[in-house]
Amino acid sequence: QVQLVESGGGLVQAGDSLRLSCAASGRTFSNKIMGWFRQAPGKEREFVAAIRWNGGSMTYADSVKGRFTISRDNAKNTVYLQMNSLKVEDTAVYYCASFGGKGDPTRTYAYDYWGQGTQVTVSS
């Protein structure tokens, strides 16, 4: 059974940093794209960042480029999202997901497994 478990969310002030973790288990994630998405209240879930598991190539949403960094530790089967210079508009539930193999990796439909999410709240 595939499991993705996020952690690291919390309440911070604008300008602060947080690091989210996503621990993956249940199948081989080599050569799998892993993504981070977020969903704010009343809004659709949106793409944040993605990384190829063994290739290291990364993609970011324009809204987080230069502030967020996605990385992975293959030995720990864990993906990270380092979030710096956080803004109030970054407030959302952040989800980790595993790419299903087809489609656009910036779109939610292309991911087949999701974590339960971790809340990030940024106050002004």
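Numbers here are sequence positions counted from 1. None of these values were measured; they are calculated from a predicted model. Hydrogens, waters and symmetry mates play no part in the numbers below; they use all other heavy atoms, side chains included.
- The CZ atom of Arg72 sits 15.0 Å away from the OG atom of Ser21 when rounded to the nearest 0.5 Å.
- Partner Leu81 forms a side chain to side chain contact (heavy atoms under 4.5 Å, CB included) with one of Ile70, Thr69, Val120 and no other, that one being Ile70.
- A search for ring-ring contact (aromatic ring centres under 6.0 Å, His included) contacts involving Tyr80 returns nothing, not counting sequence neighbours.
- Here the side chain of Asn84 pairs no donor or acceptor atom with the backbone of Ser17 at under 3.5 angstrom.
- Legend: residues meeting side-chain contact (heavy atoms from CB on, under 4.5 Å) with Val93, ordered by chain and number and at least two apart, are Tyr95, Gln119.
- Within a 6.0 Å sphere centred on CD of Glu44, heavy atoms belonging to other residues, nucleotides or ligands number 12 at most.
- When side chains are defined from C-beta on, Gln116 counts as touching Glu6, because their heavy atoms get closer than 4.5 Å.
- If you chain together hydrophobic residues whose side chains sit under 4.5 Å apart, Phe37 and Val5 never meet in one group.
- Counting only N and O atoms by type, the side chains of Asp73 and Thr78 include no donor and acceptor under 3.5 Å apart.
- Closest heavy-atom contact between Ser124 and Ala14: CA-CB, 4.5 Å.
- There is no path of hydrophobic side-chain contacts, each under 4.5 Å, that joins Phe68 to Val88.
- Between Lys87 and Asp90 there is no salt bridge, since none of the side-chain N atoms of the basic residue sits less than 4.0 Å from a carboxylate O of the acidic one.
- Panel note: side chain Ser98, backbone Tyr113; no donor-acceptor pair is recorded below 3.5 Å.
- Judged by distance alone, with hydrogens and angles left aside, the side-chain atoms of Thr91 form no donor-acceptor pair with the main-chain N or O of Thr121 at under 3.5 Å.
- For the pair Val122/Gln13, no side-chain contact is recorded, criterion being any heavy-atom separation below 4.5 Å from C-beta on.
- For residues 105-116, the set of pairs meeting the salt bridge (charged side-chain N to carboxylate O under 4.0 Å, His left out) definition, not counting sequence neighbours, comprises Arg27-Asp112.
- Annotation: side chain of Leu4 is not in contact with side chain of Trp114 (no heavy-atom distance under 4.5 Å).
- Contact record, Ala40 with Ala92: N-CB, 3.8 Å, taken as the closest heavy-atom pair.
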Begin from the C-alpha positions of Tyr94 and Val48 and carry the test side-chain contact (heavy atoms from CB on, under 4.5 Å) through to its verdict. CA-CA 9 Å; Tyr94 283 72; Val48 174; 4.3 Å; yes
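- With contacts defined as side-chain heavy-atom distances shorter than 4.5 Å, the pair Cys96/Met34 qualifies.
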Could you check Ile51 against Ile33 for side-chain contact (heavy atoms from CB on, under 4.5 Å), going step by step and ending with a plain yes or no? CA-CA 5 Å; Ile51 186 168; Ile33 294 172; over 6 Å; no
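- Distance check: Lys32 NZ to Arg52 CZ gives 10.5 Å after rounding to the nearest 0.5 Å.
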Go through it in stages, so that I can follow the logic: the residues are Thr59 and Phe47, the test is side-chain contact (heavy atoms from CB on, under 4.5 Å), and I'd like the CA-CA distance, side-chain angles, deciding distance and then a yes or no. CA-CA 10 Å; Thr59 305; Phe47 172 76; 4.1 Å; yes
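- Rounding to the nearest 0.5 Å places CD of Glu89 at 8.5 Å from NZ of Lys43.
- Between Tyr111 and Phe99, the ring planes lie perpendicular to each other; the angle is over 60°, past the 30° to 60° tilted range.
- With rounding to the nearest 0.5 angstrom, the OG atom of Ser123 is 10.5 Å from the CG atom of Leu86.
- At a threshold of 4.5 Å between non-hydrogen side-chain atoms, the residues Arg38 and Arg45 do not count as touching.
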